[in-house]
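One structure below.
Just so it is clear: chains get the letters A, B, ... in the order the sequence lines come, proteins before strands, and each one is counted from 1.
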2 protein chains.
Amino acid sequence: MSADKIADALETDIVGGAYHPGEELKQGKIADRFSVSRIPVRDALQLLAARGVIELVPNKRARVISLSASEIDEVYALRLLLESDCLRQSIQNMTDIDIGAIERALAHSDIDAKTERWADSDWEFHESLYRPSKRPRQLAMIESLRKTCRIHIAGYGILPSRTEGWLDDHARLLDACRSRSENQAVNILTRHIENARDTLMSALPGTDSAPHGQA
Amino acid sequence: MSADKIADALETDIVGGAYHPGEELKQGKIADRFSVSRIPVRDALQLLAARGVIELVPNKRARVISLSASEIDEVYALRLLLESDCLRQSIQNMTDIDIGAIERALAHSDIDAKTERWADSDWEFHESLYRPSKRPRQLAMIESLRKTCRIHIAGYGILPSRTEGWLDDHARLLDACRSRSENQAVNILTRHIENARDTLMSALPGTDSAPHGQA
DNA sequence: CCGCCTCAAAATGTATACATTTATACATTT
DNA sequence: AAATGTATAAATGTATACATTTTGAGGCGG
């Protein structure tokens, strides 16, 4: 098993909530688990650090990222900026074929609602929304920021209780795309993301139910 | 010499134009140069890949990034989005102390105009503009995108011939900050960045003087 | 003359062994 | 008992040696 595969496996575990934010990853343990030496494990950890999944300080143990409230707030501000712009670009380029792909992604996420695959399907839907923008780098940034959020959501055990509301947002986003209503789509998306932000913020350890307060 | 230092030294060389886009970096050569084994060199290369300075594919040689015209176009689109937003946030938080820091950075970049230190001073000025935004993550993204541009500018041997115009833009940006004119500042910044983009695009190998054409 | 295959040289990937740094537990002191 | 210093254990960083993959040159055939 090579560094890439190890990184992918670890990332799946981390975004799935098997490790919570701040938890340590020891090279030796991981090497044993995958039956390799520590060298490819080190490479894998570097890759995860590059993807923003773990934090790596020389001579210290690797840790799953753990963001403060204000850091999470900035991440969501960046998501609002990048995803809104991406959606605008996307709608401007959107063909009927793209609409079809979004419809399929919506149906798929409908099936996976309330299951453990929800997060994956949710991302697939948004990716289908953003892909027509033809902005691969921007899309990668968005995916990375979303992964950051997901690690915290999974790590703090936030259940997908509001899945219905989110599915509803998705359906309305699709409608806005069908009619090429840029502003309407961006409005829906903005509320969608702000909603997710507040859900996460109020579940943060230390802050008890303070939806978007201090910064 | 450890991985961090090696990465920093290599990055300085690359953004300084010692390597041009697409050029190969061989682990063995670098290891000899710094009198270490290939292990810390590999770590350094991973760090540079994480910073977006080189491209790293398993079993292949490391290469300095080399972006196509459309990729560079996307990078500038992202810069326009992120830097404009950052400047707005910054001006909203800006104190007189911050203004003073911008004034000093402007004076410093004035001194370094037309020297090889221009690029560093230019970044210092923009950093002083953006720092009051209190968006460290957004600032890091901007710095990374700018570094990407700088690698290509340096690698294709674009001389700082238009430095006076850019210094003028900086002075006008400072004025706009003094009067807290968000829109005016963003307008100046937008033209400033678009100007730099067109300068780079028309110097790209393969495209001869086509300022912002196909995408 | 161009394209393709083969094979040796070179570069990257990995395991093992060892050095260095960090962390934990324990004893000591106040 | 709390705080501090020290020693032992554990984890990370690096060098060397070897396996694997890529690459590039040369020869072969079209």
Minimal heavy-atom distance between A154(A) and V15(A), with the atoms involved, is CB-O, 3.4 Å

Most 5' of S35(B) and E24(B) on DNA chain D, judged by nearest nucleotide: S35(B)

Would you indicate which nucleotide in dG13(D), dT14(D), dT12(C) comes nearest to any side-chain atom of Q27(B)? dT12(C)

Nearest-Å distance, CE (M1(A)) to C1' (dG13(C))? 16 Å

Closest non-hydrogen atom pair between L56(A) and A62(A), with its separation: CD1-CB, 3.4 Å

What integer distance in Å separates D43(A):CG from dT12(D):P? 14 Å

Can you find a side chain N or O atom of R42(A) that sits less than 4.0 Å from OP1 or OP2 on dG13(D)? yes

Whole-Å gap separating P (dA9(C)) and NZ (K26(B)): 17 Å

Does any donor atom in the side chain of S109(B) or D112(B) lie under 3.5 Å from an acceptor atom in the other side chain? no

Checking dT12(D), dG13(C), dA23(C) against the side chain of R38(A) (C-beta onward), the nearest is dT12(D)

dT12(D) pairs with, by Watson-Crick or G-U criteria that keep both distances under 3.5 Å: dA19(C)

Parallel, tilted or perpendicular: ring planes of H170(B) versus H126(B), cut at 30 and 60 degrees: perpendicular

Given atom CG of N59(B) and atom C1' of dT21(D), what is their separation to the nearest angstrom? 5 Å

Once you apply the 3.5 Å cut-off to both distances, tell me the Watson-Crick or G-U wobble partner of dT30(C), or none. dA1(D)

Just N and O in the side chain of R61(B): are any of them under 4.0 Å from OP1 or OP2 of dG24(D)? yes

Is it the case that S70(A) and D73(A) place a side-chain donor and acceptor less than 3.5 Å from each other? no

Looking only at side-chain atoms of P40(A), point me to the closest of dA15(D), dT12(C), dA15(C). dA15(C)

Atom pair distance, as rounded to whole Å: CD1 in I54(B) and C1' in dT12(C): 13 Å

Picking from dA11(D), dG13(C), dT16(C), the nucleotide nearest the side-chain atoms of I39(A) would be dT16(C)

Contact class for L25(A) (heavy atom, under 4.0 Å): base, sugar-phosphate, or nothing? sugar-phosphate

